[in-house]
Amino acid sequence: QVQLVESGGGLVQAEGSLRLSCAASGRTFSRNTAMGWFRQAPGKEREFVAAISWSATRTYYADSVKGRFTISRDNAKNTAYLQMNSLKPEDTAVYYCAAGPVPVQSVPPYQYWGQGTQVTVSS
């Protein structure tokens, strides 16, 4: 079993920055474990934000965050990151990290999920 814990959320003004972290524990990731970030705003479905392969050679972003957000990972620390710059009020949501076999944009097949961290962007 894998546990994922997000941190780094908070309240920030528009055009500000935040860096989210996702620390994994429980067992060592296999070499094919991809990481993803999703978000869910009130009354909306959970949506894909970014994903990264095990080796970090492949990264994917939602069009809405491309050029502003950067996903990265440190496998030695079992941690993934989401650097968020030029934040907008529409980025306000609970952000979740997830782990799974492939870095895709859909909720399945991610198998493990964190509890989420709130990001609020004020205008």
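For reference, positions follow the sequence shown, starting with 1.
Clustering ILVMFWY residues whenever any of their side-chain heavy atoms sit less than 4.5 angstrom apart, transitively, puts V119 in a cluster other than the one holding V94. No continuous path of ILVMFWY side-chain contacts below 4.5 Å connects F48 to M84, so the two sit in separate hydrophobic clusters. Follow the hydrophobic side-chain contacts under 4.5 Å out from V102 and you never reach W54; the two are in separate clusters. Two different hydrophobic clusters hold F38 and V65 under the rule that ILVMFWY side chains link at heavy-atom gaps under 4.5 Å. Under a hydrophobic-cluster definition in which Ile, Leu, Val, Met, Phe, Trp and Tyr are linked whenever side-chain heavy atoms come within less than 4.5 Å, directly or via other members, W113 and L20 are assigned to different clusters.
Although no hydrogens or angles enter the test, the distance criterion places a donor-acceptor pair under 3.5 Å between the side chain of E6 and the main chain of Q115. No donor-acceptor pair closer than 3.5 Å links the side chain of R58 to the backbone N or O of A51. Counting only distance, with no hydrogens or angles, the side chain of Y61 and the backbone of I71 share a donor-acceptor pair below 3.5 Å. Put simply, the side chain of T120 never gets that close to the backbone of T92: no donor and acceptor are under 3.5 Å apart. Put simply, the side chain of T79 gets close to the backbone of K77: a donor and an acceptor are under 3.5 Å apart.
Atom OG1 of T70 and atom OH of Y81 lie 14.0 Å apart (nearest 0.5 Å). Annotation: the span from S72 atom OG to R19 atom CZ amounts to 6.5 Å, rounded to 0.5 Å. Here E90 contributes atom CD and S123 contributes atom OG; the two are 10.0 Å apart, rounded to the nearest 0.5 Å. With values rounded to the nearest 0.5 angstrom, L82 atom CG is found 11.0 Å from T117 atom OG1.
When the options Y110, Y96, Y112 are evaluated for a side chain to side chain contact (heavy atoms under 4.5 Å, CB included) with L4, the one that passes is Y112. The residue from Q105, R39, Q40 that alone fulfils the side chain to side chain contact (heavy atoms under 4.5 Å, CB included) condition with E47 is R39.
Counting heavy atoms from C-beta on, the side chains of P109 and V104 come closer than 4.5 Å. P101 is listed as a side-chain neighbour of Q111, based on a closest heavy-atom distance under 4.5 Å. With contacts defined as side-chain heavy-atom distances shorter than 4.5 Å, the pair S17/N85 qualifies.
Of all non-hydrogen atoms in A14 and P89, the two that sit nearest each other are CB-CD, 4.2 Å. Closest heavy-atom contact between M35 and C22: CE-SG, 3.8 Å. Residues T57 and S53 come closest through the heavy atom pair N-OG, 3.4 Å. Considering all non-hydrogen atoms of both residues, Q118 and A93 come closest at NE2-O, 3.4 Å.
Using cut-offs of 30° and 60° on the angle between ring planes, the pair Y95 and F69 is tilted.
Using a cutoff of 4.0 Å between basic side-chain nitrogens and carboxylate oxygens, D91 and K88 are not scored as salt-bridged.
Counting heavy-atom neighbours within 6.0 Å of K66 NZ, excluding the residue itself, gives a total above 12.
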